[in-house]
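Single-structure report; data block below.
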Amino acid sequence: MANISALGIGSGVLNSDLVDQLVEAERAPKENRLDTRTQKAELLISAYGTLKSAITELRLPMRQLSAPDNLKAFSATSSNEDVSVTVDSAKASRGTYNVNVLSLAQSQSLASSTFADRDSTSVGTGSFTISSGDKSATLTIDGSNNTLQGLADEINEAGIGVSAGVIDTGSGFRLVLSSEETGEANAISVSVTDDDGNNDDAAGLSQFVFNDTTQNMQETIAAKDAKVEINGIEITRSTNSFTDVIDGLSFEAKAEGVTSTIKVEQDFGAVADRVGAFVEKFNALQTTIKGLSGFNAETGQGGILSGDTTIRSIQAQLRNVLGRVVPGLENASIRTLADVGITTDYETGGLSFDRAKFEEQLKKNPDDVTALFAEQGRTSSADVEFLGSGSGTTRGNYAINITQAATQGGVLGDSALADGVVIDSTNDEIEFTVDGSTNFTIQLSQQTYASAADLVAEIQSQIDSNSALNAAGQSVRVGLDSNGVLQFTSGAFGSSSNVSILSVENGAALGLSAKTGTLGKDVAGTVNGQEATGDGRVLTVTGAGGAKGMQLQVAGYKDGDLGRVNFIEGIGEQAVNLVTDIVGADGILDAKTDSLSRDLERIQEERIRLEDRIASYRERLVSQFTAADSLISQLNSTGDYLTQQLAALAPQNNSNR
């Protein structure tokens, strides 16, 4: 390559500045066109990003409205602050409940007799077994830990829900044990194997025994369950929190002897707030669209997306979803958004929201308003409840056919229960297992039961108040079959449902023996002829077709043709699906930005090719200028030589004259 720094030496004109000017003149128009294309592509990508963000903001409020539970919000109030209440709108229903707090739950505390010191006096040696609830530990007490403090440390390290400490009373030291959990089920039990050979006297390690037969420690605070009456029905729990008594309602008792009226009412304002949030986000989207595609009269310019077919298509799709009659509601009281006070301003494209009209319609037509926004399955049979849909479920009307009804598992006794059964310490305990997961024991009140019905009621009462069963959210129903034999039935349905008798004391009097129960059956059938699987009473459609993914709950012991289910897909669900399609990975906006990104890549490739051409062009200019400059230099040298020769000849010519 020619040395550009030497250019112009011969001519004084064809220098590097001239090369730069010519190269720039060649580059500028092409580079300007590429810059313009780059700027437009980047502006469009930014505009589509802004549009995508605004559309995505619409999805959250619409998703909330697409959930039926969000359209039946409930609020709960308590007339007494000592009974606090919370509500789960997904499960709650309207109602009024009178709550009377009979007693609060408390944890048990035990105290030993007084010792002279905490660190040196021996408390005895042997094996020390302590339990609380379903946890227990056996501790070895020997010469290394046989003091009050040593025993307390061992108990604390056992991790069984019992805390131990040593209290200085001023006249001596006492070991104090406290259950960490409230309720009678978490009462502390202590038994020992004392090295002195006596396991229940008040000497050695035995002085700490506290169980059903021996109480050598002082019970300073008794373990107690919380008891309340709800509309006159007594309920017992191991804690002061009652979360599984009334569907969707949880309350906590804070003081004994107080009463409260709890009211659960539908919160129409909360639902209206959700609708208002949707309207706000939709109007914000319209403002964004106007800024991107509208015409500014002051500047005389349109937005970057003015005339863009994509933005027009999106607006048309949204208007189609929001403005039409919801399929399936053609004959309903509520068919469109306008029917609930949401109307379109055709000048701005935004929505107006008449909150008062919406709340009025929600009160009058709750089911239709729910179906307007959310998915809803309307069944023709009271024995079938629509639970939900799947991603593959499409709106339509589907036939329900049950080939196997769901049943409850349970166990039947051996012989008829007689009147006048005597219950005493030899036959008052029965141990069960329920649904293959919960073992529990009941202890019957010791007395003579005049009738079999009285004894059935006692058994049912003991089962209903069992803390282990209540904590697991399970139940067992007790009754007599047609032959007067005791029958125990699980509250659950399906192939996991069962009741077995693990043990029974002197069961002959009750007509019982240890016995494994019979499992229940899961529901089976089809929806729209599509295959479905059962779990208890819940039938889930798995076969291909419009009903795929739908879940129905079928009443137990019901089979055959159970009518139809009309699946309605409300505006909320449709809008969520539309927005997802628009902003998703394969949506129209991503397709646009991907295309623009490819344009930017091509522009970059063109820039590289332009630089290559410019470099080649510069090289040609330098080469041409170098050759021309060399020629000019030679001509200049020749001219200088001729001038010199002519100047040398001039004196000779003058002398010849």
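Model, not experiment: these values are computed from the prediction.
- Within the 4.5 Å cutoff, the side chain of I459 has heavy atoms near those of the L444 side chain.
- Residue-environment remark: CD (Q149) exceeds the threshold of 12 foreign heavy atoms within 6.0 Å.
- A donor-acceptor contact shorter than 3.5 Å is absent between the side chain of D522 and the backbone of A406.
- Within the cation-pi definition used here (under 6.0 Å to the ring centroid, within 45° of the axis), K263 does not qualify as a partner of Y97.
- Note on ring orientation: taking the six-membered ring where Trp is involved, the planes of F358 and F353 are perpendicular (angle over 60°, cut-offs 30° and 60°).
- By the 6.0 Å contact criterion, CG on D168 is enclosed, its count of non-hydrogen atoms from other residues, nucleotides or ligands being greater than 12.
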Are F173 and I167 close enough, and set up right, to give a side chain to side chain contact (heavy atoms under 4.5 Å, CB included), and what steps lead you there?
CA-CA 6 Å; F173 297 85; I167 294 179; over 6 Å; no

Are T261 and N98 close enough, and set up right, to give a side chain to side chain donor-acceptor pair (under 3.5 Å), and what steps lead you there?
CA-CA 5 Å; T261 299; N98 295 312; 3.3 Å; yes

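- With values rounded to the nearest 0.5 angstrom, N240 atom CG is found 9.5 Å from Q106 atom CD.
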Evaluate side chain to side chain donor-acceptor pair (under 3.5 Å) for N145 paired with E154, printing each intermediate quantity in order.
CA-CA 8 Å; N145 57 7; E154 291 290 336; 3.1 Å; yes

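- Of the residues S132, S163, S109, the one that meets the side chain to side chain donor-acceptor pair (under 3.5 Å) test with S178 is S109.
- One distance of note links CG of D454 with CG of D419; it measures 8.5 Å at 0.5 Å rounding.
- Looking at every heavy atom in both residues, T114 comes nearest to G172 through CG2-CA, 3.3 Å.
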Step by step, would you call R237 with D225 a side chain to side chain contact (heavy atoms under 4.5 Å, CB included)?
CA-CA 6 Å; R237 292 293 183 269; D225 289 333; over 6 Å; no

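- Within the 4.5 Å cutoff, the side chain of V279 has no heavy atoms near those of the F282 side chain.
- Atom OG1 of T96 and atom CD of E265 lie 7.0 Å apart (nearest 0.5 Å).
- V264 has its side chain out of reach of R94: every pair of non-hydrogen atoms, C-beta onward, lies at least 4.5 Å apart.
- Ring geometry, F440 versus F432: the interplanar angle falls under 30°, so the pair is classed parallel (tilted spans 30 to 60°).
- With a 4.5 Å cut-off on side-chain heavy atoms, L387 and V538 count as touching.
- In terms of heavy atoms, Q408 sits closest to Y557 at N-OH, 3.2 Å.
- In this structure, the side chains of L205 and N146 stay at 4.5 Å or more apart for every pair of heavy atoms.
- Between the side chain of T407 and the backbone N or O of G520 there is no donor-acceptor pair closer than 3.5 Å.
- With respect to the salt-bridge test (charged N to carboxylate O, under 4.0 angstrom), the residues K224 and E256 qualify.
- The two atoms that bring G413 and L512 nearest to each other are CA-CD2, 3.7 Å, heavy atoms only.
- Cation-pi geometry between R537 and F493 is satisfied (NZ or CZ under 6.0 Å from the ring centre, within 45° of the ring normal).
- The shortest distance between side-chain heavy atoms of F115 and V123 falls below 4.5 Å.
- Distance alone, capped at 3.5 Å, is enough to place a donor-acceptor pair between the K515 side chain and the L412 backbone.
- Note that CG of N470 and CG of D464 are 7.5 Å apart. Values are rounded to the nearest 0.5 Å.
- The two residues V340 and L372 come nearest to each other via the heavy atoms CG2-CD2, 3.7 Å.
- Nearest heavy-atom pair, S78 versus S260, reported as atom, atom and distance to 0.1 Å: OG-OG, 2.6 Å.
- A heavy-atom distance below 4.5 Å is not found between the side chains of F488 and R477.
- Between R355 and E359 there is a salt bridge, since a side-chain N of the basic residue sits under 4.0 Å from a carboxylate O of the acidic one.
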For the pair D428 and Q446, evaluate side chain to side chain donor-acceptor pair (under 3.5 Å) and give the outcome as yes or no after the intermediate values.
CA-CA 7 Å; D428 63 348; Q446 298 179 12; 3.1 Å; yes

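- Proximity of a side-chain donor or acceptor of N216 to a complementary backbone N or O of D200 within less than 3.5 Å is detected.
- The pair R378-D368 meets the salt-bridge criterion, with a side-chain N (NZ, NE, NH1 or NH2) lying under 4.0 Å from an Asp/Glu carboxylate O.
- A donor-acceptor pair under 3.5 Å links the side-chain atoms of S66 to the main chain of R63, judged by distance alone.
- Smallest separation of non-hydrogen atoms from F278 and M62: CD1-SD, 2.8 Å.
- By the 4.5 Å heavy-atom criterion applied to side chains, Q474 and S437 are counted as neighbours.
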Could you walk me through whether D194 and S206 pass the side chain to side chain donor-acceptor pair (under 3.5 Å) test, one step at a time?
CA-CA 6 Å; D194 201 331; S206 310; 2.7 Å; yes

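- Atoms OG1 and CG, on T540 and L552 in that order, are 8.5 Å from each other to the nearest 0.5 Å.
- Annotation: the span from L104 atom CG to T182 atom OG1 amounts to 10.0 Å, rounded to 0.5 Å.
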